[in-house]
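Report on one structure; see the data block that follows.
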Amino acid sequence: MPAFHFGSSEAPLFGYYHPAEARAGLRPAVLICGPIGEEGARAHRMLRVLADRLAAKGAPTLRFDYRGAGDSAGACDELTLSTMGADVIAAHDELMDMSRASRALWIGLRLGASAAVRAAQRVPRGPAGVILWDPVIDGAVYLKELSSAQAAMPLPDDPDAKAPASADDPEEAMGFRLSPALRAELRAMSNADLKRKPTRRAMILAGAATPEIASLHEAMTDLEMPVDERHDTEGAAWNSDDAMNAYYVPSRTIDDLVQAVEGWR
Amino acid sequence: MERVVEFGGGEEGDATGDRLVGVLNRPGDNDVVYRRPAALLFNAGIVHRIGPHRLNVKLARALAAKGVASLRFDISGLGDSAPAPAGAHYETQALEDIVAAADVLEADGARAGFIAIGMCSGADNAYRAALADPRFVGLTLLDPYAYGTPRAKVARAMEKATDLGRWKRAIGRTLGGGQDSSAGVAAVQSESTEATDAAPEADNGRVYPPLADFGRDLQALTTRDVKILIRYTTYVEEFLTDPSHFRDAFGAFDFAGNLDVDVDRRADHTYVRLAAQQRLFSRISSWYDACWPEGVAAPEMGARAANEGEAPASNAAPNTAKGVAIEGLRRAGVRPGS
């Protein structure tokens, strides 16, 4: 069945496998590494659509939940950047086993991209390529963004709610607890983490050519890795409650990603 | 222990396959776990089955820690579940899906009935399912339909008028916006006295039934001894801000002591803050224990149905439970397939 648990029996991960339709095996298998927290909920539908489209083109595709997220085992505060990386590798192994594909691409979105590119550095027989879609580049900035997003919500006063000790270091954001370990990892996260060539080739898909994207591009190029940088006019339009409630799917972005996988060499 | 389940493939031999995806949490041997009602959790709006901020997962695991089984799943076309066959009406399909999920739990050994826990449009689906299927013995409705009353309107107007924060914000808007010096203040005055006695007719596409219909349905359920916990948040504060406002609105109905109403004015609609989530879990937990005490076997579904003069679902022919549900839909005024 396409929905299943995998990994250790003590802490199973939830996965959803989209087998390739007709003439499977010609395309690389694809592992989708989604975002976490509220972004994960907002991205769910479009990642399902992306996976369906990829499978229809012959690319067997696996979506999964990190431990501490979605339907995987673990409480929210068990999720860290390190556990995300370990889960990416476990999901990759599962995908290769299920699909019998000879190679795989990883598509990472937001913090999923950050975890994927770091995990790829640690796997001897890792992905044939990574696509970093709207990646989180600076973990400290990401923490501030999460904090600001919650502060902007018109929430009623709640004496039971713990006031954040610092807007730069929120203990909770948008309905999810952020563990001290995750926050410490995020504060320390930067392009300097990229010390080994994570994969043969990479693509960055971002809304605009920002200095942060340029710095990531440069860091990857410094590792002698070809990087294809593309800018997506639909940007992060999916990343809002309104977009989620409207069931919005960025169709041109999905098309671009499917074409990128089809043409991956 | 949690396991993934796929179900809802229709009649036996149906080639379309199972289209619904869920996670069944049975925290122990079924002879023990299913002595009390099992919980069904599903989509709030279009958020996939984990719920806003993963609330359904957190709640399912909190219930499991008490020894209560649950199944959380996606209704057709939402989350990971495939769309329903073309032409199916959403509300009817949602009911069939909830009944199918109850069938999964019953096949797993559930025998003390079910509770449905739904938020917003999920609450609407939950109460309609309970109306349609006699196996439901409890409901938790989070921000279900709400209706204003004159007393609630006055209370809210007074609250707005005496809220210093609102006036400060209005003055700030006026001074900062370069508009007529009285505009911001006038806006607050207007908001403070606007009419709220009419029920909202639509809320993000959610159509409210007339108060009398909702009251009649709740009365029918509670007369059937279905235990109901209604919990409102600030989402409905223009219509009610206190449980007494609900009692005013539904004073003509007798809920047989089976209906509890809370208003958590520190919580927003989807319980963003962890503190609000924790209060919600604690409240549902205490309500559940009060209704179905730990260590006391709840009446079995067959016995309940027999007492109510209906054939026990478990002894019925295959798909009879679904048939009961659809018949219930017709009674509830929902046209299957419309």
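The basis for the numbers below is simple: all heavy atoms, side chains too, and nothing from hydrogens, waters or symmetry mates.
- Side-chain N or O atoms of Asp97(B) include one that pairs as donor or acceptor with a backbone N or O of Ser76(B) at under 3.5 Å.
- For Leu78(B), the parts sitting under 4.5 Å from any heavy atom of chain A are the backbone and the side chain alike.
- Proximity to chain B is limited to the side chain of Tyr16(A), based on heavy atoms less than 4.5 angstrom apart.
- Of the atoms belonging to Ala267(B), it is backbone heavy atoms, and not side-chain ones, that fall under 4.5 Å from chain A.
- Contact annotation for Glu2(B): both backbone and side-chain heavy atoms come within less than 4.5 Å of a heavy atom of chain A.
- With no hydrogens or angles considered, a side-chain donor-acceptor pair links Ser244(B) and Asp242(B) at under 3.5 Å.
- Under a 4.0 Å N-O distance rule, the pair Glu237(B)/Lys160(B) does not qualify as a salt bridge.
- Along residues 20-29 of chain B, the residues that come nearer than 4.5 angstrom to chain A, judged on non-hydrogen atoms, are Val21(B), Val23(B) in order of number.
- Interface remark: of the candidates Arg54(B), Arg61(B), Arg273(B), Arg72(B), Arg54(B) forms the most heavy-atom pairs closer than 4.5 Å to chain A.
- Seen from the ring of Tyr235(B), Arg206(B) does not count as a face-on cation partner, given the 6.0 Å and 45° thresholds.
- Using modelled atom types, one finds no donor on one side chain facing an acceptor on the other under 3.5 Å when comparing Thr83(A) with Glu78(A).
- Checked by atom type and distance alone, the side chain of Ser285(B) never pairs as donor or acceptor with a backbone atom of Phe281(B) at under 3.5 Å.
- Salt-bridge check for Arg63(A) with Asp80(B): passed, with a basic side-chain N closer than 4.0 Å to an acidic carboxylate O.
- Proximity to chain B (any heavy atom under 4.5 Å) is shown, for Ala173(A), by neither the backbone nor the side chain.
- Interface summary for chain B: among Gly68(A), Ser9(A), Cys76(A), Pro12(A), the most heavy-atom pairs under 4.5 angstrom belong to Gly68(A).
- Interface residue Met174(A): only backbone heavy atoms are found under 4.5 Å from chain B.
- Contact count versus chain B (heavy atoms, under 4.5 Å) is highest, among Asp160(A), Asp157(A), Asp158(A), for Asp158(A).
- The residue among Val5(B), Asp268(B), Leu55(B) with the most heavy atom pairs within less than 4.5 Å of chain A is Asp268(B).
- Residue Arg3(B) touches chain A through its backbone alone, counting heavy-atom pairs closer than 4.5 Å.
- The most heavy-atom pairs under 4.5 Å with chain A, out of Arg49(B), His53(B), Arg279(B), Met1(B), come from His53(B).
- Between chain B and the options Glu172(A), Glu171(A), Arg45(A), Arg42(A), the largest number of non-hydrogen pairs under 4.5 Å is found for Glu172(A).
- Put simply, of Asn245(A), Asp71(A), Leu155(A), Asp65(A), the one with the most heavy-atom pairs under 4.5 Å next to chain B is Asp71(A).
- Aromatic pair Phe73(B)/Phe7(B): centroids less than 6.0 angstrom apart.
- Interface remark: His44(A) contributes side-chain atoms only to the contact with chain B (heavy atom separation under 4.5 Å).
- Not one N or O on the side chain of Thr234(B) forms a donor-acceptor pair closer than 3.5 Å with the backbone of Arg265(B).
- Interatomic distance, CD1 of Ile98(B) versus CD1 of Ile75(B), reported as 5.0 Å (0.5 Å rounding).
- Both the backbone and the side chain of Pro2(A) come within contact range of chain B, each with at least one heavy atom under 4.5 Å from a heavy atom of that chain.
- Using modelled atom types, one side-chain atom of Asp143(B) and one backbone atom of Thr233(B) make a donor-acceptor pair closer than 3.5 Å.
- Ranked by heavy-atom pairs shorter than 4.5 Å toward chain A, the options Ala276(B), Ala60(B), Gly79(B) are led by Gly79(B).
- Here Ala69(A) is the residue among Pro154(A), Ala73(A), Ala69(A) with the most heavy-atom pairs under 4.5 Å with chain B.
- Atom CD of residue Glu185(A) and atom CZ of residue Arg118(A) lie 10.0 Å apart, to the nearest 0.5 angstrom.
- Most heavy-atom pairs under 4.5 Å with chain A, from the set Gln278(B), His269(B), Arg266(B), Gln277(B): that is Arg266(B).
- With Ser114(A) contributing its side chain and Val136(A) its backbone, the two residues share a donor-acceptor pair below 3.5 Å.
- Using bins of under 30°, 30° to 60° and over 60° for the plane-to-plane angle, the ring pair Phe6(A)/Phe4(A) lands in the tilted bin.
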*Tyr208(B) and Asp124(B): side chain to side chain donor-acceptor pair (under 3.5 Å), yes or no, with the steps?*
CA-CA 9 Å; Tyr208(B) 283 50; Asp124(B) 308 343; over 6 Å; no

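- Taking chain B as the reference chain and counting heavy-atom pairs below 4.5 Å, the highest number among Arg177(A), Gln150(A), Lys162(A), Met153(A) is found for Arg177(A).
- Between the Glu234(A) side chain and the Arg252(A) main chain, a donor and an acceptor come within less than 3.5 Å of each other.
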